[in-house]
Amino acid sequence: MKKWQVAKLRCHKTVPIQQLPNHLINQIAAGEVVERPASVVKELVENSLDAGALVVQVDIVAGGQKLIRIRDDGSGIPQAELGLALSRHATSKISSLEDLESVVSLGFRGEALPSIASVSRLSITSRVMGAGNGWHIDASGRDQGDVRPAAHPVGTTIEVQDLFYNTPARRRFLKTERTEFGHIEKWIKRLALSRPDVALTLTHNRRTVLQLAAAHTEAERLQRIGRILGDVFADQAVLVESEADGIAISGWLGLPTFNRSQPDMQFWFVNGRSISDKTLAHAARHAYRDVLFHGRYPAYVLSLAMDPATVDANAHPAKHEVRFRDGRKVHGVVAQALETALRETRPGGHTQAPTALPVSRGFSQGGMHLPSSGPSAPRSVAETLAGYESMSQAQKTNGEEQDVPPMGYAIAQLAGTYVLAENSDGLIVVDMHAAHERILYEKLKKNFDDNQVVRQPLLVPTSVAVAQTEADLVEASADVFEKIGLVVDRSGPATLVIREVPALLRDADAEALLRDILADLSEAGQSNRVEDAVHDHLATMACHHSVRANRTLTLHEMNALLREMEVTKRADQCNHGRPTWTAITMAELDRIFLRGQ
């Protein structure tokens, strides 16, 4: 009989309850805290940051299996506390339940050092300000050495050698040296993004892999982000700074033109802690819903600062997740902040104010109107042109010299598809169908949002069997269903009846829509399914009624389209996420034609 079979049989025998020895308790805790070398690096660097370090160096050998060394210039550990630092649940970061409920430090459990020491050969050398020298202590498995004097600057150095040397089963689960170092590098980059004020150096096998100076200004922070995530992201990112309801959000939001095939460049930090959270991810998806191709993912580096008492940082042993006291409020604040920033993804939106022109009624394909049911169609281009030309004439009369608008002035049309314009920087090329599609879509959305949702009673109400918890959720979220125009009653402990739906969605699958909304409410406390479905319908209408390719436009019509783009939200992308325009600067044209060489 094999060993695991014997162990399984033994579980059925009566075994007396006994107190586990400390070294075994530490190794069990290590199973939660120390998953791989990257876990060790994360815990130790977070301790350095909690100690006020402004310079941190991380040296790795053999992917962290042979050596992990963390050096910092933090406050250090006093001689009398070195031995205590290696004891379970010993910490300087909390001392009461009130501290735990509003924890602000990255580490606080008091399990990291003893857990790491239980599965490695660990040493700590530290010196505090004002001390004549530093102090050193060794720990290995269940053994702990004496504290002795050592030469060391103010700060702490922790060395972790031979990780999992006494737990060979754990070591066998480690991947290749390259893979393990990849996980370490990933966490160091996350920590570097969360604390731009800290200088960080990472080496592997004595080769410098990452060296980041402290960044204090906005330009320095963006440059540092470029070093970590690439210059392409930095060139296509906008600064976000917003505060509402006691929640401050700041960071860098990737423009829709910079998107990914997977969510690998989405970084969230809550009170300085790197986390992953479904509520925040859902809020970001909602904000980007109108400007990305389906199946593409946005990129961002975003930080939330909020009252620590409203965030439970003790929700995960490795502190990868948090729980919000009011997830719906957090979702709303974040989604609104990001959506507001993305509205300005239009010509000149993030660099200068748009040209002050009268708001027009739109640009339509001659004589084409939307059906009378639903939102009204934008009116023709004539009113736009009249306002534009009258304003230009008034400016000329007053002798005012106006700057060239961001999109410049039209000079020609190419292949019946593209509008060519000249601005102060060079050449502008506009996809006229994509641009007009966005303009119409934004006008239709505004018309819909400005009016109350029109409901359509179902001829035969739809009965839906759900879990009792889902039925409870519907009753608890009555305000949500009221807002989106879905009338749902509870007819039994686990039965719902759909009686009315938004008029624009009268042909939709009401049961599938309800189940999708319930899934969103369960996951993020918020749902935008109805709004998204309505917007999809409006996007289709805008696509069908926007100016088509091969239609010849006059210069006046082309200029009207350019002016509309400058005052339309999200005009840099069409409804499907395609770019609506691009620019070629004079410098780029000079390089193409070798001018000046």
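It should be emphasised that the depicted structure is a prediction, and the values quoted were computed from it without experimental measurement. Excluded from the calculations below are hydrogen atoms, water molecules and symmetry mates; all remaining heavy atoms, backbone and side chain alike, are included. The residues of the chain are indexed from 1 along the displayed sequence.
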For residues [X] and [Y], determine if any side-chain heavy atom of one lies less than 4.5 Å from a side-chain heavy atom of the other.
{"X": "V58", "Y": "T201", "value": "no"}
{"X": "T203", "Y": "V209", "value": "no"}
{"X": "I124", "Y": "L82", "value": "yes"}
{"X": "L255", "Y": "V238", "value": "yes"}
{"X": "S194", "Y": "S274", "value": "no"}
{"X": "L49", "Y": "R195", "value": "yes"}
{"X": "E81", "Y": "S126", "value": "no"}
{"X": "I228", "Y": "L193", "value": "yes"}

Run the side chain to side chain donor-acceptor pair (under 3.5 Å) test on T157 and H152 for me, step by step, so that the C-alpha distance in whole Å, both residues' side-chain angles and the decisive distance to 0.1 Å come before the verdict. CA-CA 9 Å; T157 298; H152 196 274; 2.7 Å; yes
Show your working on side chain to side chain contact (heavy atoms under 4.5 Å, CB included) between L304 and I247 and close with a plain yes or no. CA-CA 7 Å; L304 268 67; I247 302 172; 4.2 Å; yes
Checking ring-ring contact (aromatic ring centres under 6.0 Å, His included) for the pair F233/W252: CA distance, chi angles, key distance, verdict? CA-CA 9 Å; F233 173 80; W252 298 92; 8.4 Å; no
Apply side chain to side chain contact (heavy atoms under 4.5 Å, CB included) to V311 and F324, showing your working. CA-CA 5 Å; V311 184; F324 297 110; 4.2 Å; yes
Can you tell me if [X] and [Y] form a side-chain donor-acceptor pair at under 3.5 Å?
{"X": "T585", "Y": "D425", "answer": "no"}
{"X": "T345", "Y": "R570", "answer": "no"}
{"X": "T179", "Y": "T176", "answer": "yes"}
{"X": "Q266", "Y": "D264", "answer": "no"}
{"X": "D277", "Y": "W268", "answer": "no"}

Quick one: does any side-chain atom of [X] pair with a main-chain N or O of [Y] as donor and acceptor, under 3.5 Å?
{"X": "E180", "Y": "K175", "result": "yes"}
{"X": "T167", "Y": "R170", "result": "no"}
{"X": "S48", "Y": "L44", "result": "yes"}
{"X": "R221", "Y": "H216", "result": "yes"}
{"X": "S242", "Y": "I249", "result": "no"}
{"X": "E470", "Y": "A467", "result": "yes"}
{"X": "H204", "Y": "G63", "result": "yes"}
{"X": "D72", "Y": "V56", "result": "no"}
{"X": "R227", "Y": "Q211", "result": "yes"}
{"X": "N259", "Y": "P256", "result": "yes"}

Nearest 0.5 Å, please: how far is [atom2] in [Y] from [atom1] in [X]?
{"X": "I70", "Y": "E43", "atom1": "CD1", "atom2": "CD", "value": "11.5 Å"}
{"X": "Q161", "Y": "L122", "atom1": "CD", "atom2": "CG", "value": "9.5 Å"}
{"X": "I184", "Y": "L202", "atom1": "CD1", "atom2": "CG", "value": "7.5 Å"}
{"X": "L342", "Y": "Y288", "atom1": "CG", "atom2": "OH", "value": "5.0 Å"}
{"X": "F164", "Y": "Q65", "atom1": "CZ", "atom2": "CD", "value": "9.0 Å"}
{"X": "D290", "Y": "R343", "atom1": "CG", "atom2": "CZ", "value": "11.0 Å"}

Does this structure show an ion pair linking [X] with [Y], if we count only N-O contacts that are shorter than 4.0 Å?
{"X": "R289", "Y": "E339", "answer": "yes"}
{"X": "R148", "Y": "D138", "answer": "yes"}
{"X": "E159", "Y": "R69", "answer": "yes"}
{"X": "R121", "Y": "D162", "answer": "yes"}

CG of D197: more than 12 outside heavy atoms within 6.0 angstrom?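 Yes, CG of D197 has more than 12 neighbouring heavy atoms, counting only those of other groups under 6.0 Å.
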Just wondering, more than 12 heavy atoms not from Q236 lying within 6.0 Å of its CD?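 Yes, the 6.0 Å shell around CD holds more than 12 heavy atoms from other groups.
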Just do the side chain to side chain contact (heavy atoms under 4.5 Å, CB included) check on I60 and F181 with the steps written out, would you? CA-CA 8 Å; I60 306 297; F181 180 75; 4.1 Å; yes
Shortest non-hydrogen contact from [X] toward [Y]:
{"X": "T156", "Y": "G76", "answer": "OG1-CA, 3.5 Å"}
{"X": "G226", "Y": "A234", "answer": "CA-CB, 3.9 Å"}
{"X": "L54", "Y": "D73", "answer": "N-OD1, 2.8 Å"}
{"X": "T125", "Y": "A150", "answer": "CG2-CB, 3.9 Å"}
{"X": "G64", "Y": "P37", "answer": "CA-CB, 4.0 Å"}
{"X": "V61", "Y": "N205", "answer": "CA-OD1, 3.4 Å"}

Assess the residue pair K329 and D245 against the criterion (salt bridge (Lys or Arg N to Asp or Glu O under 4.0 Å)); give the C-alpha distance rounded to whole Å, side-chain angles, the decisive distance to 0.1 Å, and a yes or no. CA-CA 8 Å; K329 183 177 79 170; D245 291 337; 5.7 Å; no
Test log, rule side chain to side chain contact (heavy atoms under 4.5 Å, CB included), inputs V330 and V333: CA-CA 5 Å; V330 172; V333 169; over 6 Å; no
Could you walk me through whether E220 and R224 pass salt bridge (Lys or Arg N to Asp or Glu O under 4.0 Å), step by step? CA-CA 6 Å; E220 289 174 344; R224 178 163 168 150; over 6 Å; no
Within 45° of the axis and under 6.0 Å from the centre of the six-membered ring of Y165, does NZ or CZ of R171 qualify?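 That pair does not qualify as a cation-pi contact.
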Working note: T340 + Q336, criterion side chain to side chain donor-acceptor pair (under 3.5 Å); need CA distance, chi angles, decisive distance, verdict. CA-CA 6 Å; T340 299; Q336 181 64 35; 3.3 Å; yes
Ring geometry between H282 and H331 (parallel below 30°, tilted from 30 to 60°, perpendicular above 60°):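 If you compare the ring of H331 with that of H282, the planes turn out tilted.
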